Amino acid sequence: MAKAPILTPRAEDFPRWYQDVLAKAELAENGPVRGTMVIKPYGYGIWERMQAEMDARIKDAGAENVYLPLFIPESYLRREAEHVEGFSPELAVVTVAGGKTLEEPVVVRPTSETVFGEVMARWVQSYRDLPLLLNQWANVVRWELRPRVFLRTTEFLWQEGHTAHATRDDAVACYLDFMHYVLAVPVQVGVKTRRERFAGAINTMTCEGMMGDGKALQMATSHELGQNFAVAFDIDYLDDTGTRQHCWTTSWGSSTRMVGGLVMCHGDDAGLRVPPRVAHVQAVVLLVRDEDGAGAAAAALDADLRAVGVRSRLDAHTSTSFGRRATDWELKGVPVRLEVGPRDLAEGRVTLVRRDTGAKTDVPIGGAVDAVVRALEDVQAGLLAEATSRRDERTVRVGSVEEAIEVAQTGFARIPWSMLGDDGEDRLATQAITVRCLQRADGSVPEVVDGSPVGEDLEALVARSY
RNA sequence: CGGGGAGUGGCGCAGCCUGGUAGCGCACCUGCUUUGGGAGCAGGCGGUCGCGAGUUCGAAUCUCGCCUCCCCGACCA
């Protein structure tokens with residue numbers, strides 16, 4: 001008799017499946033205030049891995065970490081007209097504190113361009129101070145009407161980089177490598193259209209990933225702020241001729257939304273599948289029954305794995321049935337599982353199970369550690385390959401807005417930008433479809449001049465999105 | 001803000017119409033038997049039924065008021 005599925009099948013109701021995975025894999029739950037989330041140890045462990053990998057890349061790119069305040073004077077936001085206009089609907093504002101009504105309300109940061117602007121204005125005096133490359137890890141608050149855990153929460157954790165340059169300069173491009181190499185999510189990099197641009201930027205670039213249901217998720221962004229914030233906050237320097245100049249600034253961010261993207265990109269009907277490089281538990285040694293020395297053998301394998309740097313965990317909770325524990329680790333998406341029981345030991349072997357394919361193989365106990373290390377590499381590559389082929393199969397080049405709407409029901413449509421334009425964007429919007437980004441025909445990022453991407457071969461990547 | 005629902009052990013729900021000992025599933029605790037794919041049986045812990053007033057001998061249930069939350073319609077990591 002077939003048992004009821006543990007999770008809602010993805011094909012039946014994808015959003016419900018997503019909720020089920022968050023609960024069953026113990027990633028997060030809702031907080032007491034609508035839109036807030038409690039990130040549980042297993043979910044936070046994944047975020048910590050993301051932070052470690054991102055932080056290393058940010059530092060490689062030359063940026064240093066700082067911490068700026070959570071509270072921002074309301075007047076700061078008003079200094080950049082587009083910025084305040086864009087963010088005001090989602091601001092949380094403190095008007096009472098210390099038992100008194102504040103003379104000037106204080107805003108809980110929705111992002112920190114304004115405080116960075118004020119700080120940079122003081123720190124930058126000379127062209128010798130440039131470029132100034134800063135980053136901070138922080139929480140931010142944007143009051144959400146339609147929250148979804150990890151994907152769109154009122155408070156979220158992120159990394160925000162802020163840089164100042166003497167000339168218009170490239171933003172840091174470490175996201176692509178991180179998404180591809182660590183998260184195994186093949187992202188499309190392009191520029192946002194005017195209407196999707198960050199409030200106050202002259203150009204916004206985005207990394208768009210395709211989820212398991214063909215919808216898009218913006219997984220990171222980077223903004224060229226031009227001289228807008230430099231003018232508003234007097235971020236000036238003296239150049240080598242002694243002339244006062246405005247800086248050019250950028251900002252770029254990635255957030256806990258990536259955890260949601262990870263779930264929706266790699267999860268299957270049996271639960272989460274975590275790519276080994278971002279897995280906080282890479283392998284679990286699952287003791288079947290503690291008989292005939294199986295317990296000692298399992299503990300030894302776990303220790304051997306950790307000795308070679310595999311993030312391994314021993315599950316010797318034999319008071320819980322084997323099947324239950326196997327299912328739970330599958331829900332959590334641990335990439336590789338080693339099953340150790342008396343039956344295996346009698347034959348001098350253990351059972352290795354790959355989470356991505358479900359394939360089971362018997363390996364000699366002496367070669368188990370090497371087999372796990374190899375399997376981790378295979379799972380990493382397998383997940384990337386699977387996500388890439390899905391993206392490629394579901395990305396279709398079209399020649400009309402009607403076709404684009406059709407294709408966007410199941411994936412991404414590529415349509416010549418000249419065929420779409422502002423009117424086309426309106427037509428798509430009525431179907432809940434948006435232009436995710438603009439690219440050149442070869443998929444490269446176009447140049448942006450005076451706020452508009454240029455090139456004869458511009459294409460719009462359109463899709464439904466989260 | 002406009003339309004539709006719901007508030008009952010930790011979670012998911014029934015009971016309300018027709019007032020009378022507060023119930024079920026999951027989870028949790030104890031014991032025994034189990035353990036190679038979601039264990040079984042037995043016994044247990046846990047709830048001033050969203051808040052306030054009213055009707056009544058008696059209110060989860062009927063009446064009135066209030067509060068909160070959820071679902072569907074414009075922008076954002």
Side-chain angles (χ1 to χ4, degrees), chain A residues 1-7 15-16 23-24 29-30 32-35 50 54 82-83 85-91 109-113 138-148 150-161 175 192 195-201 204-209 217-223 251-261 270-271 286-291 294 315-331 337-347 349-351 353 358 360 362 426 429-430 432 434 465-466:
Chain A
M1 191 174 75
K3 290 193 172 114
I6 296 168
L7 303 169
R16 182 130 177 227
K24 298 281 186 180
E29 47 191 53
N30 285 307
V33 172
R34 181 182 159 80
M50 290 184 177
M54 281 293 309
E82 280 186 32
H83 192 63
E85 189 188 337
F87 278 106
S88 60
E90 42 190 355
L91 290 182
R109 64 179 162 219
T111 179
S112 305
E113 273 72 8
N139 59 338
V140 288
V141 167
R142 298 178 186 178
W143 217 258
E144 288 293 347
L145 301 176
R146 278 208 182 297
R148 302 190 63 182
F150 286 124
L151 301 176
R152 204 185 298 117
T153 47
T154 281
E155 179 189 4
F156 57 93
L157 306 181
W158 78 345
Q159 146 283 311
E160 53 179 324
Y175 292 134
K192 284 292 189 186
R195 74 175 66 186
E196 301 253 331
R197 192 178 293 160
F198 178 77
T204 286
M205 280 168 280
T206 177
C207 294
E208 298 284 330
L217 180 72
Q218 178 171 320
M219 298 188 61
T221 57
S222 139
H223 316 290
S251 65
W252 26 279
S254 63
S255 72
T256 38
R257 172 181 279 183
M258 288 190 296
V259 179
L286 185 54
L287 175 62
V288 181
R289 274 178 292 140
D290 190 7
E291 291 170 16
D315 179 351
H317 303 112
T318 51
S319 57
T320 302
S321 74
F322 169 81
R324 178 51 175 261
R325 290 180 290 140
T327 305
D328 284 349
W329 288 115
E330 240 160 40
L331 284 164
R337 195 165 72 236
L338 276 186
E339 299 176 356
V340 184
R343 205 181 294 166
D344 298 291
L345 284 189
E347 298 174 31
R349 52 148 177 107
V350 294
T351 306
V353 188
K360 292 188 180 185
D362 291 339
D426 286 338
T430 65
T434 50
S465 70
Y466 282 99

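The sequence lines fix the lettering, A, B, ..., with proteins before strands; numbering per chain opens at 1. All figures in this text were calculated on a predicted structure; none of them were measured in a lab.
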**OP:** Identify whether any heavy atom of Pro342(A) sits under 4.0 Å from a base atom; if not, whether one sits that close to sugar-phosphate; answer base, sugar-phosphate or nothing.
**Re:**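 Base, at least one base atom sits under 4.0 Å.
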**OP:** Answer with base, sugar-phosphate or nothing: what part of the nucleic acid does Asp328(A) contact at a heavy-atom distance below 4.0 Å?
**Re:**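 No contact.
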Could you list all N or O pairs between the protein and nucleotides 43-45 of chain B that sit under 3.5 Å apart?
none

Original post:
Whole Å only: how far is the CG atom of Leu286(A) from the C1' atom of rG36(B)?
Top reply: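 It works out to 10 Å between those atoms.
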Subject >> Test side-chain contact (heavy atoms from CB on, under 4.5 Å) applied to Phe322(A) and Arg289(A), step by step >> reply: CA-CA 8 Å; Phe322(A) 169 81; Arg289(A) 274 178 292 140; over 6 Å; no
**OP:** May I ask you to verify whether the side chain of Lys360(A) and the base of rG37(B) hold a donor-acceptor pair under 3.5 Å?
**Re:**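 Under the 3.5 Å cut-off, the side chain and the base do form a donor-acceptor pair.
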If we call it a pair only when both distances are under 3.5 Å in a Watson-Crick or G-U wobble match, what pairs with [N]?
{"N": "rA14(B)", "result": "none"}
{"N": "rC49(B)", "result": "none"}
{"N": "rC62(B)", "result": "rG54(B)"}
{"N": "rG44(B)", "result": "rC28(B)"}
{"N": "rG73(B)", "result": "rC1(B)"}
{"N": "rG19(B)", "result": "none"}

Could you work out the separation of [N] and [M] based on their [atom1] atoms and round it to a whole Å?
{"N": "rA60(B)", "M": "rG52(B)", "atom1": "P", "answer": "13 Å"}
{"N": "rC13(B)", "M": "rC64(B)", "atom1": "C1'", "answer": "28 Å"}
{"N": "rA59(B)", "M": "rG12(B)", "atom1": "C1'", "answer": "26 Å"}
{"N": "rG50(B)", "M": "rG10(B)", "atom1": "P", "answer": "13 Å"}
{"N": "rG9(B)", "M": "rG23(B)", "atom1": "P", "answer": "14 Å"}
{"N": "rC26(B)", "M": "rA53(B)", "atom1": "P", "answer": "38 Å"}
{"N": "rG36(B)", "M": "rG20(B)", "atom1": "P", "answer": "48 Å"}
{"N": "rU56(B)", "M": "rA42(B)", "atom1": "C1'", "answer": "43 Å"}

Given side chains that start at C-beta, do those of [X] and [Y] come closer than 4.5 Å, heavy atoms only?
{"X": "Val140(A)", "Y": "Phe156(A)", "value": "yes"}
{"X": "Pro147(A)", "Y": "Arg34(A)", "value": "yes"}
{"X": "Pro15(A)", "Y": "Arg148(A)", "value": "yes"}
{"X": "Thr154(A)", "Y": "Val33(A)", "value": "no"}
{"X": "Arg109(A)", "Y": "Asn139(A)", "value": "yes"}

Could you pull out all residues at least two apart from [X] that satisfy salt bridge (charged side-chain N to carboxylate O under 4.0 Å, His left out)?
{"X": "Glu339(A)", "value": "Arg337(A)"}
{"X": "Arg16(A)", "value": "none"}
{"X": "Glu82(A)", "value": "none"}
{"X": "Arg349(A)", "value": "Asp344(A), Glu347(A), Asp362(A)"}

State which residues pass side chain to side chain contact (heavy atoms under 4.5 Å, CB included) with [X]; sequence neighbours excluded, sorted by chain then number.
{"X": "Glu196(A)", "value": "Lys192(A), Thr193(A), Thr434(A), Arg436(A)"}
{"X": "Ala316(A)", "value": "Leu287(A), Leu314(A)"}
{"X": "Asp315(A)", "value": "Val284(A), Leu286(A), His317(A), Arg325(A), Trp329(A)"}
{"X": "Pro89(A)", "value": "none"}

Output one line per pair: protein atom, nucleotide atom from nucleotides 31-35 of chain B, and distance, for all N/O pairs under 3.5 Å.
| residue | atom | partner | partner atom | Å |
| --- | --- | --- | --- | --- |
| rU35(B) | O2 | Thr318(A) | O | 2.8 |
| rU35(B) | N3 | Thr318(A) | O | 3.0 |

**OP:** Give a yes or no on this: more than 12 heavy atoms of other residues, nucleotides or ligands lie within 6.0 Å of atom CD of Glu85(A).
**Re:**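 No, because the 6.0 Å sphere around CD of Glu85(A) holds 12 heavy atoms or fewer from other groups.
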**OP:** Summarise how protein sits on nucleotides 70-77 of chain B as a single string, 5' to 3': B when a protein heavy atom is under 4.0 Å from the base, S for sugar-phosphate-only contact, - for no contact.
**Re:** SSBSB-BB
Please list, for nucleotides 26-28 of chain B, all pairs of protein and nucleotide N/O atoms separated by less than 3.5 Å.
none

